[in-house]
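Report on the structure given below.
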Amino acid sequence: MCKSFITGLGLIAFLLSIQHTAAQSAHTELLKGDKAYKEKNYAKAEEKYRSAVEKQGGAKENYNLGNAIYQRENYDEAIKHFEEAAGKALDQNQKAQAYYNLGNAHFKAGAWDKSVEAYKNALRLNPGDAQAKHNLAQARRRIPPPPPPDQNKQEQNQQQQDQQQKQQQQQQNDKQRQEQQSKSQAGKEEEISRQEAEELLKIMEQEEKKVMNKMRREKRGACSSDKDW
């Protein structure tokens, strides 16, 4: 039994034929996608472009798929395909277009800073792109200005002052409470001392009365014993 095998050159030719077939199939899907895109049937265009990307995911396939997805307002996924197209594009003009659309997708997604960077990359490759310059200016206007250099420091100082005032007020309140408690305690002690003094005075008066009564009784007794019969 004879064994068949593919030589080195034959293997290369076989792989090239497979690649050529895949490229033809991807090109066919691209044409179908382009037709649907022109008809504004973006869902069908996305379907055909996805098929083209699966067969041959080059710069053009990703770029066209990104456009179809962008038209369907799926900006996050469109960003991924525009980035892929920009990375794989060999032609400077195509790379600039990919960065331009990437800037648009970031702009729609609300990522102003990333949009600015994408437009800058597009202009580095194509400095004469007036629309990229216009969109760059629009994106820059959306970015809020940074706070003044001293604003953060002023806010920190104000916070520290507020904190110190709160502490001082708290200390003053604590001091007032302590003074009120001391006065209340002193008043109670003074009231107790007055009561004790009054009770002691009563006891002394009672003892003095007892002594006087005793002296009277003793005096009466002495007189009666000396009386003549």
Side-chain angles (χ1 to χ4, degrees), residues 22-23 25-162:
S25 179
H27 181 68
T28 301
E29 294 299 303
L30 278 176
L31 292 176
K32 293 179 181 178
D34 291 343
K35 183 175 182 297
Y37 191 92
K38 290 178 181 178
E39 296 172 352
K40 296 185 178 181
N41 188 351
Y42 301 120
K44 185 176 180 180
E46 178 185 344
E47 178 186 351
K48 296 303 178 182
Y49 289 145
R50 283 191 187 278
S51 178
V53 168
E54 290 175 0
K55 297 178 186 301
Q56 183 170 320
K60 187 175 182 179
E61 290 79 11
N62 277 282
Y63 178 82
N64 287 7
L65 177 56
N67 286 338
I69 295 173
Y70 178 91
Q71 293 296 339
R72 303 191 70 189
E73 299 182 358
N74 187 355
Y75 304 119
D76 289 338
E77 187 178 359
I79 288 169
K80 295 178 182 178
H81 289 288
F82 289 138
E83 288 176 340
E84 190 78 12
K88 291 184 176 181
L90 300 178
D91 181 80
Q92 182 169 318
N93 186 51
Q94 291 179 352
K95 190 182 289 287
Q97 290 178 355
Y99 276 123
Y100 173 82
N101 283 7
L102 177 61
N104 290 344
H106 279 307
F107 189 95
K108 288 289 188 179
W112 320 120
D113 52 344
K114 293 181 180 180
S115 178
V116 166
E117 191 59 34
Y119 290 136
K120 285 181 178 179
N121 287 332
L123 288 170
R124 289 186 183 104
L125 296 167
N126 185 11
D129 190 341
Q131 190 60 45
K133 292 178 182 179
H134 173 78
N135 289 8
L136 174 60
Q138 293 294 326
R140 279 175 168 169
R141 291 192 187 100
R142 297 297 183 95
I143 298 176
D150 295 335
Q151 182 173 347
N152 293 333
K153 187 175 181 180
Q154 291 175 358
E155 291 178 354
Q156 292 177 357
N157 292 338
Q158 185 63 40
Q159 291 177 355
Q160 291 177 355
Q161 291 177 2
D162 293 342

Supply the atom-to-atom distance K133 NZ to N126 CG, rounded to the nearest 0.5 angstrom.
9.0 Å

Check: Q94 and Y63 side chains under 4.5 Å, non-hydrogen atoms:
no

Between K32 and T28, is there a side-chain heavy-atom distance shorter than 4.5 Å?
yes

Using the side chain to side chain contact (heavy atoms under 4.5 Å, CB included) rule, take F82 and N67 through it: C-alpha gap first, then chi angles, then the decisive distance, then the call.
CA-CA 8 Å; F82 289 138; N67 286 338; 3.2 Å; yes

Short N-O contact, E29 and K60, less than 4.0 angstrom
no

Determine yes or no for a side-chain-to-main-chain donor-acceptor pair under 3.5 angstrom, with K95 supplying the side chain and A89 the backbone.
yes

Should the ring pair Y49 and Y37 be called parallel, tilted or perpendicular, given that the plane angle runs from 0 to 90° and is split at 30 and 60?
tilted

Do the side chain of E46 and the main chain of A68 share a donor and acceptor less than 3.5 angstrom apart?
no

Looking at K80 and E84, does any basic side-chain N land under 4.0 Å from a carboxylate oxygen?
no

Check: E117 side chain, K114 main-chain N or O, donor-acceptor pair, under 3.5 Å:
no

Donor-acceptor contacts under 3.5 Å from residues 102-109 side chains, at least two apart:
unit_1: N104; atom_1: OD1; unit_2: Y119; atom_2: OH; d: 2.5
unit_1: N104; atom_1: OD1; unit_2: N135; atom_2: ND2; d: 3.1

Nearest heavy-atom pair of A36 and A45: which atoms, and what distance?
CB-N, 3.6 Å

Between A96 and A122, the two heavy atoms sitting closest are O-CB, 3.6 Å

Hey, are the side chains of N101 and H81 touching, using non-hydrogen atoms and a 4.5 Å cut-off?
no

Lys/Arg-Asp/Glu bridge criterion (N-O < 4.0 Å) met for E39, K48:
no

Provide the closest heavy-atom pair for E77 versus R50 in the form atom of the first, atom of the second, distance.
OE2-NH2, 2.7 Å

Value rounded to 0.5 Å, distance of CD1 in I69 from OH in Y42
14.0 Å

Under a 4.5 Å cut-off applied to non-hydrogen side-chain atoms, are N121 and R124 in contact?
yes

As an exercise, state the distance from NE2 of H27 to CG of D34, rounded to the nearest 0.5 Å.
8.5 Å

Identify, with sequence neighbours excluded, every residue that meets salt bridge (charged side-chain N to carboxylate O under 4.0 Å, His left out) alongside R140.
none

Identify the two heavy atoms, one from N62 and one from K88, that lie closest to each other, and give their separation to 0.1 Å.
ND2-NZ, 4.4 Å

